[in-house]
Amino acid sequence: MKEQNLLSAIANAPHEPLTYAIYDQSSQSGTYHPRNICVNIPTDQSSRWSSSSHDQSQFITIKLDKPAVACEILFGKFHRSHVCNLKEFKVYGGLCPSNMKELLHKGLTDNNKAETFPLLYAVNCLVFPVQYIKIVPLATIGANYNYSIWYVEIKGIKDEELMSRVHEVFTTYKEMETIRLCLKHFRQQNMMDVYQTLKNKTGIEIEHPSIAQLHQSLVVEGDFDRAEQIIKDANSNNSFSSFVNDALYTPTWRKIDASNDDGDAPCARGGHQLCIDTERERIYLFGGWNGKAELSDFWCYHIKENRWKLLSSDTSIQGGPSARSCHGMCFDPVRKSIYVLGRYTDFRPSTIPDPIAYESEFYQYYTELDRWIQISASTKIDGGPPLLFNHEMCVDTIGKTLYVFGGRVLALEAAPISYGGFYSFDMNKNVWRTLRYDVNYIPSALPPTLSTSLHSPLSSFDTYISHTCANNGTDTPTSSRTIKSRSGHSMLLDSKNRTIYIFGGQRGKDCLKDMYSYSIEEDKLSPIAQDFLNNVGCESGYTQRAAIDIERQEIYISLGFFQNKPTSLVRDCFWVFNIKSNTWEEVFSKDNHDMIYWDRMKSTEPYPRYTHQLVYNTNTKTHFIFGGHPGDVSDQDKRLDDFWELKLTKPNSSQIMRRCLYLIRTRKLHELCRQADKKLNTRNGVNVDTIGALDYLRTFVTPLVNGDSKEELDHFKQLCAHLCLSQDTTTKKDYITKNSQDVNFPERTNVFQSLLEFFPTNMKEPKGSLVDAVKIF
């Protein structure tokens, strides 16, 4: 209660600038000394700290005049955008420079406006003071530039009375945690008399009363039945919910064997597209490359019926798109429509160029009418994207807008590699808009060749004039209206929060490892991370596939092709990104290409691949993966035609309770076996204790064994062997001579520690060990 009141007082108190001095730095370049960040002179090019290198070991540490609660940090900037500004950074704080906690992980916007960020100053309602603050740059606006910081201001609490309360509460907390660590140590060492004396003297509880009862029943008294009841009560009180929420995912694969009424199914391919209608539970597949030719077949998979249906063997005959690969496709659940845009085309120099081959057609398919229409013969002329491949698309049903980002541009004229920008398409008005340009965008002063556009309220000429007038044909967009475009990336829409996530992909020879969020309502692009690897996140792969679960606020990423030196690598890799906590979890990673292994596992898990496709059924929490390129060096034309279902599961509270009961009962069985080994209770040559242990094994332990867990099965086999095989005589004598309590206490303690893993932190004994506090040097 005292901590919560203090936290409220801190939040409502005025945040004043805190005086500081430079304590330490990693390096400096020339005269750009760290002390320059103490003064704010935005027009002075030299008024900044600049590092002497671009590696991620650079830092500045400042020291406050006295310990304080640091609530926010302000970064001043140069009077115009600058390539050395921090695109990503972290801030740490603590009472000593060798023990600091992360307080912030953000990035600066590329402009001349100062930015203020809130700092972490409380954990579990406990407000903590700091005196040292360390700023660690991670990335700059311009690639491979040294880091620069122009001005830093720390604001926090200076009120002496309030700070006195902070110090009092913080000191009390540390003293109490020290005593709790002592109690934990004495109890683990079976020094129960010392433990009880200290507990009574201080009145400090080491844990929640139910956990204390569990220790008393299980460890001290060996009352296993009582311990089981405490576990069951804990499950009823939802004590395991936090563990369930934080548990790691377990992947479960199922190979889908399905065909249509004629026994046919989609052929092997890569570079195709999938989209899903979650309401009707149908997956649509269109196009791709089979290793020798592009495809124009169009399929629908009925999930409930486990059946494929061939909608068209050639969609161009029905007025739809021609054969293609590396195109974009997305589904609009309101209009019940599929949209197709872009394709890959080989550039073949010719004396008679074919302009039509480089037009970007735009198609819509009405799923309920089984009808294709061409929305546009050239989206470029309509003010939208040029011909693209390996781009991404998504539909915002609330705003009735389709979004397109990135992709390689295919043009008739010879030109350097270029990439598409970030576009929106108003599906009601059929009007394109460029939201962001590529960083290397060069506007064209010459109008493109005009063509007609179906269903557009404006003529192609009017659209062109309005588009070029906005750019004057020669203006270069400002940096705030640009984005580093790419191909083979991912773009996902969170329709609930009206946010689009963009990450990964390739640009030239570079594999990008950044992630951005785009607020639709604010038209604001914000960096989340500049380097997945640096943030203990996933690696960047080529033609990665991704899906989003809006309810869970999670992003799922399937990766296959990785550029490594000296050779590239194809492997199966799946990651989960938690949007709220900004954390990554690797679900699985496999790069085994042993054909003997895969021949054995071909029906159990998918072979590593890339240029595959993935969709996600949000209703059933199920992923579907089809086809792809296996990267077979002996057969470059080989493609895959397998279809897989993937479910990611976490243990539920009932499964946690089962595991806890299994640990308790196997502990009891161990002690029954130990009693049987003494052979103190025999009748007519039969060991009664052994019979009792076997009966307990059969009746109470066997039903709890998890047959899917190799660890539990191996442990169970050892228990069975222990009962069936005679023990070494020295072991028996050891059991007899040793006090059973001395033997059982440490082993029961180990079981108790295993049970504690499933309880929330605020219920159990403190982390850490008293012996770790001992320092030799």
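Looking only at side-chain heavy atoms (C-beta outward), Lys184 and Gln189 stay at 4.5 Å or farther from each other. A heavy-atom distance below 4.5 Å is not found between the side chains of Ile204 and Lys199. When side chains are defined from C-beta on, Glu765 counts as touching Arg187, because their heavy atoms get closer than 4.5 Å. The shortest distance between side-chain heavy atoms of Val127 and Val69 falls below 4.5 Å. A 4.5 Å side-chain heavy-atom check between Leu162 and Leu6 finds at least one atom pair inside the cut-off. At a threshold of 4.5 Å between non-hydrogen side-chain atoms, the residues Gln213 and Gln216 do not count as touching. Counting heavy atoms from C-beta outward, Gln25 and Thr61 have side chains that stay 4.5 Å or more apart. For the pair Tyr132/Ile62, no side-chain contact is recorded, criterion being any heavy-atom separation below 4.5 Å from C-beta on.
Considering Ile656, Ile231, Asn235 as possible partners of Phe758, the one that fulfils the side chain to side chain contact (heavy atoms under 4.5 Å, CB included) test is Ile656.
Of the charged side-chain nitrogens involved, at least one lies within less than 4.0 Å of a carboxylate oxygen, so that Arg748 and Glu671 count as a salt-bridged pair. Taking the charged nitrogens against the carboxylate oxygens, Lys580 and Glu554 have no contact shorter than 4.0 Å, which rules out a salt bridge. Looking at Arg180 and Glu205, no side-chain N of the basic residue comes within less than 4.0 Å of a carboxylate O on the acidic one, giving no salt bridge. In summary, Lys668 and Glu228 do not engage in a salt bridge, as defined by a charged side-chain N under 4.0 Å from a carboxylate O. Between Glu102 and Lys90 there is a salt bridge, since at least one side-chain N of the basic residue sits less than 4.0 Å from a carboxylate O of the acidic one. A salt bridge does not link Lys767 to Glu177: none of the charged nitrogens lies less than 4.0 Å from a carboxylate oxygen. In this structure, Glu757 does not pair ionically with Lys764, as no charged nitrogen and carboxylate oxygen lie closer than 4.0 Å.
For Arg665 (side chain) and Phe700 (main-chain N/O), a donor-acceptor pair under 3.5 Å exists by modelled atom type. Remark: side-chain polar atoms of Thr172 are paired, donor with acceptor, to backbone N or O of Glu168 under 3.5 angstrom. Not a single donor-acceptor pair under 3.5 Å links the side chain of Glu153 to the backbone N or O of Leu74. The backbone N or O of Leu103 lies less than 3.5 Å from no partner atom in the side chain of Tyr121, so there is not a single donor-acceptor pair. A distance-only check finds a donor-acceptor pair linking the side chain of Glu585 to the backbone of Tyr249 [under 3.5 Å]. Distance alone, capped at 3.5 Å, is enough to place a donor-acceptor pair between the Thr622 side chain and the Thr620 backbone. The main-chain N or O of Asp193 is never found under 3.5 Å from a side-chain atom of Gln196 such that the two would form a donor-acceptor pair. The closest donor-acceptor contact from the side chain of Asn706 to the backbone of Asp708 lies under 3.5 Å. Between the Gln56 side chain and the Leu138 main chain, a donor and an acceptor come within less than 3.5 Å of each other.
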Would Val166 and Ile157 satisfy side chain to side chain contact (heavy atoms under 4.5 Å, CB included), going step by step from the backbone distance to the final call? CA-CA 10 Å; Val166 169; Ile157 306 302; over 6 Å; no
Please step through side chain to side chain contact (heavy atoms under 4.5 Å, CB included) for the pair Tyr195 and Asn190, ending with a clear verdict. CA-CA 9 Å; Tyr195 165 83; Asn190 199 11; over 6 Å; no
Go through the steps to decide whether Arg165 and Glu160 satisfy the test salt bridge (Lys or Arg N to Asp or Glu O under 4.0 Å), and finish with yes or no. CA-CA 9 Å; Arg165 290 172 57 192; Glu160 292 187 3; over 6 Å; no
Apply side-chain hydrogen bond (donor to acceptor under 3.5 Å, both in side chains) to Asp494 and Gln553, showing your working. CA-CA 8 Å; Asp494 178 351; Gln553 285 293 284; 3.0 Å; yes
Trace of the side-chain hydrogen bond (donor to acceptor under 3.5 Å, both in side chains) decision for His15 with Glu72: CA-CA 8 Å; His15 297 171; Glu72 57 190 63; 3.3 Å; yes
Carefully, step by step, assess Met515 and Phe577 under the rule side chain to side chain contact (heavy atoms under 4.5 Å, CB included). CA-CA 11 Å; Met515 174 178 275; Phe577 174 69; 3.7 Å; yes
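Among all heavy-atom pairs drawn from Phe574 and Leu646, the shortest one is CE1-CD2, 3.7 Å. Smallest separation of non-hydrogen atoms from Lys174 and Thr178: O-OG1, 2.8 Å. Ala676 and Thr690 make their closest contact through CB-OG1, 3.4 Å (heavy atoms, listed as atom of the first residue, atom of the second, distance). Contact record, Leu120 with Lys101: CD2-CE, 3.6 Å, taken as the closest heavy-atom pair. The minimum heavy-atom distance between Gly707 and Leu713, with the atom names listed, is O-CD1, 3.2 Å. The two atoms that bring Ala70 and Leu119 nearest to each other are O-CB, 3.7 Å, heavy atoms only.
One finds the OH atom of Tyr696 at 11.0 Å from the CG atom of Leu719 (value rounded to the nearest 0.5 Å). Rounded to the nearest 0.5 Å, atoms CD1 (Ile211) and CD1 (Ile230) are 8.5 Å apart. Rounding to the nearest 0.5 Å gives a distance of 6.5 Å between OG1 of Thr116 and NZ of Lys155. The structure places OG of Ser558 at 6.5 Å from CG of Asp572, a figure rounded to the nearest 0.5 Å. Here the OG1 atom belonging to Thr252 is positioned 9.0 Å from the NZ atom belonging to Lys647, to the nearest 0.5 angstrom. Rounded to the nearest 0.5 angstrom, Leu218 CG and Leu755 CG are separated by 6.5 Å.
In this structure, His105 has its ring center no closer than 6.0 Å to that of Phe89. Remark: aromatic rings of Trp253 and Phe588 are close, center separation under 6.0 Å.
A donor-acceptor contact closer than 3.5 angstrom is absent between the side chains of Ser236 and Asp233. A donor and an acceptor atom, one from each side chain of Tyr616 and Asp549, are located under 3.5 Å apart.
In this structure, Lys650 places its NZ atom where more than 12 heavy-atom neighbours from other residues, nucleotides or ligands lie under 6.0 Å away. By the 6.0 Å contact criterion, NZ on Lys621 is enclosed, its count of non-hydrogen atoms from other residues, nucleotides or ligands being greater than 12.
Under the 30°/60° scheme for interplanar angles, the aromatic rings of Phe240 and Phe759 are found to stand perpendicular. Between Tyr662 and His715, the two ring planes are perpendicular [angle over 60°; tilted spans 30° to 60°].
Take Phe752 and apply the ring-ring contact (aromatic ring centres under 6.0 Å, His included) test, not counting sequence neighbours, and it matches His215. Judged as a ring-ring contact (aromatic ring centres under 6.0 Å, His included), and not counting sequence neighbours, Tyr501 has no contacts.
Within the structure, side chain to side chain donor-acceptor pair (under 3.5 Å) pairs that include any residue of residues 238-247 do not occur (at least two apart or interchain).
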